[in-house]
Amino acid sequence: VTQEMLYWQALNHAMDVEMAGDESVFTLGEDVGLYGGSYRVTEGLYAKYGEMRVRDTPISENSFTGLGVGAALVGARPVVEIMTINFALLALDSIINGAAKIPFMSGGQFPMPLVIRVPGGVARQLAAQHAQRLESIFMNVPGLRVAVPATPQDAYWQLRQAIASDEPIILLEHELLYFTKGPVDIMADPPPMHRAAVRRQGRDVTVIGYSRTAILAQEAAAELAKEGIEAEIIDLRSLSPIDWETCAGSVNKTHRAIIAEEDCRHAGAGAEIAATLAERCFYSLDAPIQRVAGLDVPAPYNGALEAASIPRVPDIAAAARALVQAKASAAP
Amino acid sequence: MKQAITMPALSDTMNNGRLVKWLKRIGDPVKRGEVIAEVETDKAVMEVEAFHDGYLAGPLVAADAEFPVGQTIGYVVDSATEAVGEAPPPPPAQAPTRPPAARAPVEPQQTRPPAPATPRDAGVVGRASPYARRLAQQLGVDLGAIGGASGAIRAADVLSAAGPTHIPDLDAGPPYRIERNSSFREAVAQTMIASLATPTFRVTAQLLVAPLMALAKERTWSLNVLFARAAALAIKEHPLFNAVYTPEGIAHRERVDVGIAVDTSEGLITPVLRDVAGRPFDVLSQDWRALVEKAGRRRLAPAEYRGATFYVSHLGIFPVVCSFDSIIPLGACALLSIAAAREGTALFTLNCDHRVVFGGDAARFLQTFENQLTSVDKLTQ
């Protein structure tokens with residue numbers, strides 16, 4: 001049963017299905033109730049499930065995230081929406097010291113079926129304090145899972161898998177993806193939540209992206225194909241854990257790798273991916289692993305500068321061209 | 001005192017070993033001769049023993065990675081307090097690296113210029129990508145003799161310098177991904193390539209097997225052992241089938257050791273039954289059960305799967321197989337392939353090394369073999 005859905009509608013549908021199926025599922029956050037969520041993900045749920053299960057909270061991220069941690073400890077399955085990832089900085093104690101640690105420190109006596117949904121990324125001129133990604137902060141916390149759906153189908157699958165899981169999971173949703181459309185098959189069996197997807201097969205270079213950069217990489221691949229360069233596109237879908245088998249299998253085949261990330265280059269997700277692929281695929285590499293990443297600057301407010309501070313389709317295509325042409329020029 | 005534990009050479013053909021797991025932890029006391037780790041060689045999982053009394057100390061190499069023979073994989077120290085571990089160093093290679101000498105007979109490169117007198121390891125040659133270096137080693141290309149157009153030498157430079165290669169052009173077909181060869185698969189591949197130089201012919205016989213099979217079922221005898229035994233007794237009358245061609249002359253073996261193909265989850269392995277003509281059937285059967293059990297657990301030692309002078313391969317459990325033949329491993333003269341029985345008979349195909357035996361020899365051998373199959377008493381003595 002495949003239907004076209006917007007990314008936010010897929011999330012909304014996943015919430016509805018899970019809440020209808022399990023009374024212990026509830027959601028809380030700023031404006032999730034009466035307003036229906038800043039990106040409409042909880043639209044209609046307040047009317048359908050009532051204020052006990054769709055709870056508006058004050059502007060108090062550490063407190064309501066902590067409330068979610070406590071509810072998870074006693075058997076509920078809370079879905080905490082933090083309005084943007086920039087505000088999640090206030091909730092880091094609940095997330096890192098609470099959600100990620102309690103299952104370990106209790107010797108597994110307390111499961112942590114907590115989902116934290118957070119919009120993030122550079123959108124349209126929201127300025128530096130509202131245009132961060134911060135995924136590398138959460139990747140560096142053992143005990144947390146980090147899912148990064150790029151398509152409506154993955155948004156639907158991964159939110160449902162996250163709610164069903166007994167582990168704390170952060171779902172990073174990109175603000176520019178909420179109004180992208182794609183097919184959603186609500187009956188199909190999902191792959192494991194951390195499994196990377198090969199979005200396009202190619203022989204010349206592997207481009208690894210996630211969230212919005214997985215989409216940009218596919219657009220770059222379409223351009224490159226016109227020039228005879230076949231890029232293999234991997235959508236990671238999960239940043240913690242990372243599906244290394246899929247990544248390494250592809251790099252062993254193409255011998256070249258590019259990581260496309262919107263996050264700042266310095267100590268970002270791409271650094272981790274490049275380092276691990278260098279460990280795993282060193283003797284297969286025919287060129288240094290490249291990162292196409294955000295600049296190490298706070299996101300500019302100026303629209304033109306903002307756009308230039310993060311990877312664009314031509315940037316990814318140019319990086320691929322440079323790697324592959326080194327091969328072509330070397331041939332006699 | 002700090003004693004290094006090195007990757008042991010557990011078989012003649014072993015260049016690399018994959019550390020399967022450590023059985024001791026850093027700080028654990030170890031005794032000389034005690035098993036401290038498991039290593040996967042080219043065919044089996046083997047145990048690594050400590051050579052000194054003391055305590056296991058780091059840095060220990062990571063499990064599930066491959067290391068060349070002789071590399072230090074850990075240490076034994078005198079006291080528990082000295083035994084402080086550090087983070088394991090990364091494996092040197094995802095893919096096995098071999099000394100070029102081991103490759104030479106496989107990839108003859110007579111047209112290549114002789115290797116330079118200086119070692120051509122990292123640093124001597126200019127910049128080259130890791131993949132280019134690996135290809136150069138595999139193809140016998142001298143990196144010093146080529147220069148990359150863009151400065152660093154890339155895979156394309158090596159491939160064009162190597163000329164036509166045996167690497168298939170995968171890009172022409174459907175999408176694919178590369179899964180690294182296990183040591184086991186790579187060892188089988190190298191053995192098969194090495195055996196290509198053997199000129200072979202085959203002769204097929206249709207033999208009555210129903211009475212023997214019925215009896216074997218009733219007495220729970222192993223058909224593999226019965227066939228190996230019949231072959232060994234036939235070899236006693238045709239000793240050339242127990243001989244090996246070498247450039248110096250034919251090597252005549254003094255005992256009949258039969259390798260029997262076993263299909264394991266990892267692939268083919270051939271445990272060897274020793275002195276099959278000279279020892280009683282029930283002792284052979286007992287040995288065989290032990291070998292099969294070890295093969296299933298991948299615990300066969302090299303001494304248990306090497307050195308056969310004749311091979312038997314039986315695919316009778318697959319009723320669809322009406323006939324097949326096999327590749328003769330180096331070091332043997334012939335191999336008998338036995339297909340599934342149909343209407344009481346089965347096809348027995350004998351692959352032979354034509355440098356040692358001829359068609360008439362093969363026919364006579366099969367004639368004798370048939371007689372052995374029918375004299376059950378002698379067979380099971």
Side-chain angles (χ1 to χ4, degrees), chain A residues 195-208 221 224-225 228-234 243-258 272 274-290 321-332, chain B residues 16 61-62 64-68 87-98 122 126-138 141 143 145-163 167-181:
Chain A
R195 177 71 45 79
V198 178
R199 298 292 186 201
R200 181 194 180 100
Q201 298 270 358
R203 59 161 195 264
D204 295 323
V205 55
T206 299
V207 184
I208 299 171
L224 291 164
I229 298 173
E230 291 298 333
E232 178 145 308
I233 306 301
I234 292 182
D243 177 3
W244 296 117
E245 280 66 36
T246 298
C247 295
S250 173
V251 175
N252 284 337
K253 174 174 95 171
T254 64
H255 308 292
R256 292 170 194 81
I258 293 170
E272 172 58 34
T276 302
L277 287 178
E279 287 167 2
R280 291 197 174 219
C281 307
F282 184 77
Y283 292 97
S284 288
L285 286 172
D286 203 25
I289 299 172
Q290 300 291 317
R321 234 172 258 131
L323 271 195
V324 175
Q325 271 161 10
K327 166 199 185 187
S329 71
Chain B
N16 291 274
V61 296
D64 202 30
E66 202 163 278
F67 301 94
Q94 287 296 317
T97 51
R98 284 184 180 69
R127 291 197 302 151
S129 78
Y131 180 48
R133 282 178 192 279
R134 196 182 79 183
L135 276 179
Q137 193 183 38
Q138 284 174 354
V141 171
L143 279 178
I146 47 175
S150 57
I153 297 169
R154 308 264 180 154
D157 302 302
V158 176
L159 288 172
S160 65
I167 300 175
D169 177 14
L170 292 169
D171 294 339
Y176 63 96
R177 68 187 55 259
I178 301 267
E179 187 189 324
R180 212 185 128 278
N181 282 343

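Sequence lines set the chain letters: A, B, ... in the order given, protein chains first and strands last, and positions in each chain run from 1.
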Checklist entry - If you round to the nearest 0.5 Å, how far is CZ of B:Arg154 from CG of A:Leu323? => result 7.0 Å
Item to check | Atom pair CG (A:Asp286) and CZ (B:Arg133), whose distance is rounded to the nearest 0.5 Å | outcome: 12.0 Å
Item to check | Non-neighbouring partners of A:Thr254 that pass side chain to side chain donor-acceptor pair (under 3.5 Å), sequence neighbours left out | outcome: A:Thr206
Next on the checklist: Below 4.5 Å, heavy-atom pairs only: which of A:Ser284, A:Pro288, A:Gly249 has the largest tally toward chain B?
Outcome noted: A:Ser284
Item to check | Part of A:Val251 within contact of chain B (heavy atom distance under 4.5 Å) | outcome: neither
Next on the checklist: Using the salt bridge (charged side-chain N to carboxylate O under 4.0 Å, His left out) criterion, which residues pair with B:Glu179? Sequence neighbours excluded.
Outcome noted: none
Item to check | Most contacts with chain A, counted as non-hydrogen pairs under 4.5 angstrom, among B:Pro130, B:Ala155, B:Ser129 | outcome: B:Pro130
Checklist outcome for this item: The side chain to side chain contact (heavy atoms under 4.5 Å, CB included) partner of B:Pro175 among A:Glu232, A:Arg200, A:Gln201, A:Glu230 is A:Gln201
